[in-house]
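Okay, so here's the structure we're looking at.
By convention here, the first residue in the shown sequence is residue 1.
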Amino acid sequence: MNIVTFFGLLGGLGLFLYGMKLMSEGLEKAAGEKMRNILEFFTRNRFMGMMVGIAFTAIVQSSSATTVMVVSFVNSGLMDLFQASGVILGANIGTTVTGQLIAFKLSDIAPLFVITGVIMVMFCKKMSIHRIGEVILGFGVLFMGLSIMSSSMESIKESPRILELLQSMTNPMMAILVGFVITAILQSSSATVGIVILMASQGLLEFTICPFLILGCNMGSCVSALLASLGGKKVAKRAAMIHFLFNIIGSAIAFGVLLVGLQPITEKILDFSGQDVARAVANLHTSIKIFEVVLLFPFMGWVVKATYKVIPGTDKARDEEFQLQYIGTGTLLIPTTAMLDGIREIEHMGQIAIENLKTSMEALCEPEEKKIRQVYQREEYIDFLNHKITDYLMKVNEIELPAADKKLLGGLFHVVNDIERIGDHAENFADSAGIRLKDQVEFSDKAKKHLQEMMEKVVTILTYSLDMFRNRNDEHMREILQLEDEIDEKEKKLQRFHVKQLTKNKCTPFSGMLFSDTVSGLERVADHATNVAFAIFKPDEGLNEEED
């Protein structure tokens with residue numbers, strides 16, 4: 001094999017991997033949010049989750065993308081391990097679609113896909129068409145890469161030594177190891193299976209060794225999910241472990257079956273495929289996956305329980321005083337789920353801000369040193385979350401996101417800022433509580449009652465706003481607009497009450513000032529709450545977003 005042939009193989013492999021990446025990322029950017037919502041909605045039971053996993057993986061052409069997304073969903077608490085197990089089963093079947101497409105031998109029309117994709121990417125200004133063009137271009141590049149690899153492999157036949165070496169691979173365990181290593185390096189079982197299909201169809205590999213190479217590919221495909229889970233919580237690691245255990249157990253059983261009945265199994269698949277070796281390898285891949293899923297589907301509950309034995313215990317608090325709940329420190333940024341983790345962390349920050357606001361008002365109405373300290377401690381946590389989430393969103397802005405997520409990103413920066421300002425108001429109320437405690441400043445029962453009534457409305461509007469932000473719907477829009485008007489009117493009414501109390505000498509100027517500042521602060525908190533709610537309907541464009 002000369003240097004030209006070697007570079008041809010590498011170049012063809014590079015085009016294949018790049019085409020698959022371009023196609024997968026184009027689909028995620030064009031319809032990532034819709035696919036994510038479908039994945040989240042239709043995983044209520046394991047069977048439906050499996051069907052969605054098959055369809056989703058067949059579309060994005062990557063079981064790694066699906067399983068990594070599932071790991072992120074589990075880490076964010078949007079999916080439990082039993083739901084995740086169904087999607088992972090489906091992903092293992094869906095990933096065989098790539099092999100079936102390769103067996104169709106579409107290389108001759110690949111240039112047509114390439115030129116169509118290039119025209120759409122270069123000359124269509126509308127972003128949605130531009131991204132569909134990326135998908136079509138990726139599809140064409142993928143098959144052109146296969147064509148180049150196929151041509152280069154023709155030259156290998158002229159090298160007796162290499163031909164002899166490849167055809168001497170008869171040890172099943174060695175074949176499994178080779179399949180595992182290549183897939184772990186390429187991070188794509190589809191790429192490895194594609195290479196196996198090409199080599200088998202060229203006569204470079206014996207068909208009887210292909211099943212064992214495929215078993216190695218199956219296990220190697222787990223590496224991506226395992227890496228993605230490293231920075232997540234234990235539950236995310238367990239989700240990745242489900243994928244790993246399924247493939248290990250399934251491959252072990254399939255290995256045993258193949259050792260016993262290799263000859264009749266391979267002959268039957270070849271006959272079923274019309275003696276087309278490329279199609280036979282693709283069918284073999286699909287058959288192995290379906291066999292494993294059918295066999296293990298009833299026992300996935302046990303597999304889930306086994307992950308608790310492999311990864312025992314609960315997450316331990318880190319040495320730092322504060323920590324993030326949903327954004328992992330070492331988590332890979334996955335375009336389809338990156339925004340999801342950020343939104344969940346922002347919601348977590350909002351819940352803390354609401355709790356702090358309640359505590360600050362309790363401390364103000366009935367001054368207590370312990371509650372004042374609690375407010376200050378939570379405010380430090382809110383500031384910590386503000387900085388960490390903002391840094392995370394800046395990193396997210398640097399990756400390619402689905403179109404809808406990109407448009408929403410700018411609004412998230414404002415939401416984080418609004419929640420941080422709510423925390424500042426709670427701290428101001430705690431300052432006033434400290435002054436009341438230190439200087440024995442009195443509030444009348446009537447004044448405290450008015451503050452508590454206004455506070456209830458503010459907490460309600462905050463709760464509705466956070467719910468709208470989390471679910472991205474307008475379910476509470478009418479209530480929020482009505483509450484904002486009521487709080488504005490309440491603020492004016494209480495300011496008039498404050499003036500009246502002063503003119504009647506029923507309160508001191510200092511206590512009146514504290515009361516007035518608190519009322520104004522509550523009204524501003526309601527304004528921030530409204531901003532949070534409407535951030536999803538008037539989202540700023542991403543920092544680098546191009547115009548459609």
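Using a distance-only test at 3.5 Å, with no hydrogens or angles considered, no donor-acceptor pair links the side chain of N397 to the main chain of L393. Between the side chain of H130 and the backbone N or O of V121 there is at least one donor-acceptor pair closer than 3.5 Å. Checking side-chain atoms of T95 against main-chain N and O of N92 turns up no donor-acceptor pair under 3.5 Å. Within the 3.5 Å criterion, the main-chain N or O of E442 finds no donor-acceptor partner in the side chain of R436. Panel note: side chain S85, backbone F82; a donor-acceptor pair is recorded below 3.5 Å. A side-chain donor-acceptor contact under 3.5 Å links T307 to the backbone of V304.
When all heavy atoms of I327 and G342 are compared, the pair lying nearest together is CD1-CA, 4.3 Å. Residues K448 and C365 come closest through the heavy atom pair CD-O, 3.1 Å. Closest approach of V532 and S465 over heavy atoms only: CG1-O, 4.1 Å. Scanning both residues, L81 and I242, for their nearest heavy atoms gives O-CD1, 3.7 Å. What you find for A529 and I461 is that their closest heavy atoms are CB-CG2, 4.0 Å. Counting all heavy atoms, side chain and backbone alike, I382 lies closest to E420 at CG2-CA, 4.2 Å.
Taking 4.5 Å as the limit, every side-chain heavy atom of K493 sits out of range of all side-chain heavy atoms of F497. Residues I132 and M120 are in side-chain contact: their nearest non-hydrogen atoms beyond the backbone lie under 4.5 Å apart. At a threshold of 4.5 Å between non-hydrogen side-chain atoms, the residues E491 and L522 do not count as touching. For the pair M477/F534, a side-chain contact is recorded, criterion being any heavy-atom separation below 4.5 Å from C-beta on. For the pair P312/K234, no side-chain contact is recorded, criterion being any heavy-atom separation below 4.5 Å from C-beta on. Residues F139 and L22 are not in side-chain contact: their nearest non-hydrogen atoms beyond the backbone lie 4.5 Å or more apart.
With hydrogens and angles left out, the side-chain atoms of H414 and N531 include no donor and acceptor closer than 3.5 Å. Looking at T460 and E479, their side chains never bring a donor and an acceptor atom within 3.5 Å of each other. Counted by atom type alone, Q351 and E355 present zero donor-acceptor pairs between their side chains at under 3.5 Å. S221 and T183 share no side-chain donor-acceptor pair at under 3.5 Å.
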Candidate pair N218 and N247, rule side chain to side chain donor-acceptor pair (under 3.5 Å), full reasoning: CA-CA 6 Å; N218 292 346; N247 278 287; 4.8 Å; no
Run the numbers on Q452 and E456 for side chain to side chain donor-acceptor pair (under 3.5 Å), then give the verdict. CA-CA 6 Å; Q452 288 164 349; E456 286 177 8; over 6 Å; no
Run the side chain to side chain donor-acceptor pair (under 3.5 Å) check on S360 and Q374 step by step: do they pass? CA-CA 9 Å; S360 68; Q374 285 178 350; over 6 Å; no
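Annotation for F443: atom CZ counts as buried by contact number, over 12 foreign heavy atoms lying within 6.0 Å.
With salt bridges taken as basic N to acidic carboxylate O contacts below 4.0 Å, one links E347 and R344. Ion pairing between a basic and an acidic side chain is recognised when a charged N comes within 4.0 Å of a carboxylate O; E345 and K388 show no such pairing. The pair R421-D418 does not meet the salt-bridge criterion, since no charged nitrogen lies less than 4.0 angstrom from a carboxylate oxygen.
Under the side-chain contact (heavy atoms from CB on, under 4.5 Å) criterion, D488 pairs with E484, E523, D527, sequence neighbours left out. Under the rule for a salt bridge (Lys or Arg N to Asp or Glu O under 4.0 Å), the partners of K371 that lie at least two apart in sequence or sit in another chain are E362.
Atom CZ of F384 is separated from atom CG of L324 by 4.5 Å, given to the nearest 0.5 angstrom.
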Extract all donor-acceptor atom pairs below 3.5 Å that involve side chains of residues 426-433 and protein atoms in other chains or at least two apart in sequence.
| residue | atom | partner | partner atom | Å |
| --- | --- | --- | --- | --- |
| D431 | OD1 | Y376 | OH | 2.5 |
| S432 | OG | N428 | O | 3.3 |

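Taking the six-membered ring where tryptophan is involved, the planes of H425 and H528 are tilted, since the angle between them lies from 30° to 60°.
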